[in-house]
Number of protein chains: 2
Amino acid sequence: MKSIEPTIKADEVAQPRAGEKILRVARDLFYRQGIRAIGVDEIVRRAGVTKPSLYRSFPSKDELAASYLRQYDLEFWDRFDEAVAAHPGDPRAQIAAFLTRIGKRTQKPDYRGCGMTNAAVEYPERGHPARVVSEANKQELRRRLRAMATAMGAGDADTLGDGLLLLIEGAYISGQLFGAGGPAKSVARNADLLIEASLKK
Amino acid sequence: MKSIEPTIKADEVAQPRAGEKILRVARDLFYRQGIRAIGVDEIVRRAGVTKPSLYRSFPSKDELAASYLRQYDLEFWDRFDEAVAAHPGDPRAQIAAFLTRIGKRTQKPDYRGCGMTNAAVEYPERGHPARVVSEANKQELRRRLRAMATAMGAGDADTLGDGLLLLIEGAYISGQLFGAGGPAKSVARNADLLIEASLKK
DNA sequence: GGGTATACGTACCGATCGGTAACATTGTCA
DNA sequence: TGACAATGTTACCGATCGGTACGTATACCC
């Protein structure tokens, strides 16, 4: 019996492809538990697929981890650009908006920090696919923060940009170390104090 | 034939006990490559001992990791107290000395950050033996930094203490992420700016 | 309906994981 | 000499690791 809807085919209605399901599950498990802590068997089991499906979509577990981080990277910059767009031409307010959001996220019960940062800690070896993605993300973040510090008119803009990066990374880490009530909740306040001090020069 | 030196026995001359050799090697490998990345087989091989020796001295790999961190903790506070003792009664200078030293260490080629911080990232699960040691160390560090901020006469001492902790953790992480020339080299400068701003209140 | 390409599952691989049982060897001290 | 404590030796355990050879099902096109 012919379908009543003629040409609405696998593109739109169909259940997600195996590769997508795998990446979704991997993203969740890798972020919450760590990449090394999760085996491919658990990923395919929770995704409701089988192992060969994983290796048809990804050449290796390391590359799956890199794919997870590439997606993380996209979403990170979405959030970053959202804070920027909310305060056009006002980099200090952009930073404040971004850090206020981070500060709030770090107070959530199961906060696990930044997937990029965590991956770099898990894979210190240079050239590892996951680490490459992580390093590129951080380099770009540093570049943007320094550019924003310059736009603010800071005397030593590179130092201020780097100081903001230190505060951000510190928030990621202490957020997952201390949980709610930890030092990360004051990241926006401290960043603003640092900016204030750097502009007065 | 009796020995010429009568009672200089196993305590002083003898080669280190198996447990000590294991802990030495484990400390080195765990710090540089990560705890999860290193198997017990490699530890005993590099230590020149056998696996049963490891499990006679340590009940499990997790407990060996905890022992590594307990030793790390002792050495950490040695360094911290050294900076404190160098500037009696001057908490601001104590912080400056401690952070200058961290900033320098982060610029070394194979810097791998803080073993405590890294372990907490590797083991997010609450109650893990390694994580317990790490969390205790960080809690104490936070307590001391806040006390020092109070002693400096900061208006909002808890915020300043937490801000310093964020900068420190940020230095640990970005030190291993960026290598030499990274943002961590400015940690002491940024901390001083932050202190300056916090005292002016 | 038959051909074909894509997608998936079953079953398996060798290697390594953390951990242990049983016994031989050594040096120390009484 | 004889007991004791520490270590080494060898061989092994079940579980899990990342990864793959190969057969099967499904959907589309002609």
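Only this structure's heavy atoms are used, side chains among them; waters, hydrogens and symmetry mates stay out. Predicted, not measured: the structure shown is a model, and the values here were computed from it.
Using the six-membered ring where Trp is involved, His128(B) and Tyr123(B) have ring planes that are parallel, under 30° apart on the 30 and 60° scheme.
In this structure, Arg56(A) atom CZ and dG9(C) atom C1' are separated by 8 Å, rounded to whole Å. One atom, CG of Leu54(A), and another, C1' of dA7(C), lie 14 Å apart when rounded to the nearest Å. The distance between atom CD of Glu42(B) and atom P of dC17(D), rounded to the nearest whole Å, is 19 Å. Atom CZ in Arg45(A) sits roughly 15 Å away from atom P in dT10(C) (whole-Å rounding). Summarising the geometry, the separation between CD on Glu20(A) and C1' on dC8(C) is reported as 15 Å, rounded to the nearest angstrom. Between Glu63(A) atom CD and dG18(D) atom P the separation is 15 Å, expressed in whole Å. One can place CD1 of Ile22(A) at 11 Å from C1' of dC8(C), the figure rounded to the nearest angstrom. At whole-Å resolution of the value, CG in Asp41(A) and C1' in dT16(C) are 14 Å apart.
Using a cut-off of 4.0 Å between Lys/Arg side-chain N and Asp/Glu carboxylate O, Arg143(A) and Glu140(A) are scored as salt-bridged. Salt bridge Arg32(A)/Asp28(A): present, at least one basic N to carboxylate O contact under 4.0 Å.
In this structure, Ile43(A) reaches neither bases nor backbone, as no heavy-atom distance under 4.0 Å exists between it and the strands shown. Backbone-only contact: Ile38(B) has heavy atoms under 4.0 Å from sugar-phosphate atoms and none from a base.
A donor-acceptor contact closer than 3.5 angstrom is absent between the side chains of Gln139(A) and Glu135(A).
Comparing dC17(D), dG9(C), dG8(D) against the side chain of Thr50(B) picks out dG8(D) as the nearest.
The base of dG19(C) lies close enough to the side chain of Lys51(B) for a donor and an acceptor atom to sit less than 3.5 Å apart.
The nearest heavy atom of DNA chain D to Pro52(B) and to Gly39(A) marks one nucleotide each, and the one closer to the 5' end goes with Pro52(B).
Taking side-chain N and O atoms only, Tyr55(B) has a distance below 4.0 Å to OP1 or OP2 of dG19(C). In this model, the phosphate group of dG9(C) is approached by a side-chain N or O of Ser53(A) to a distance below 4.0 Å at OP1 or OP2.
The side-chain contact (heavy atoms from CB on, under 4.5 Å) test with Tyr172(B) is passed by exactly one of Leu177(B), Thr106(B), Thr117(B): Thr117(B).
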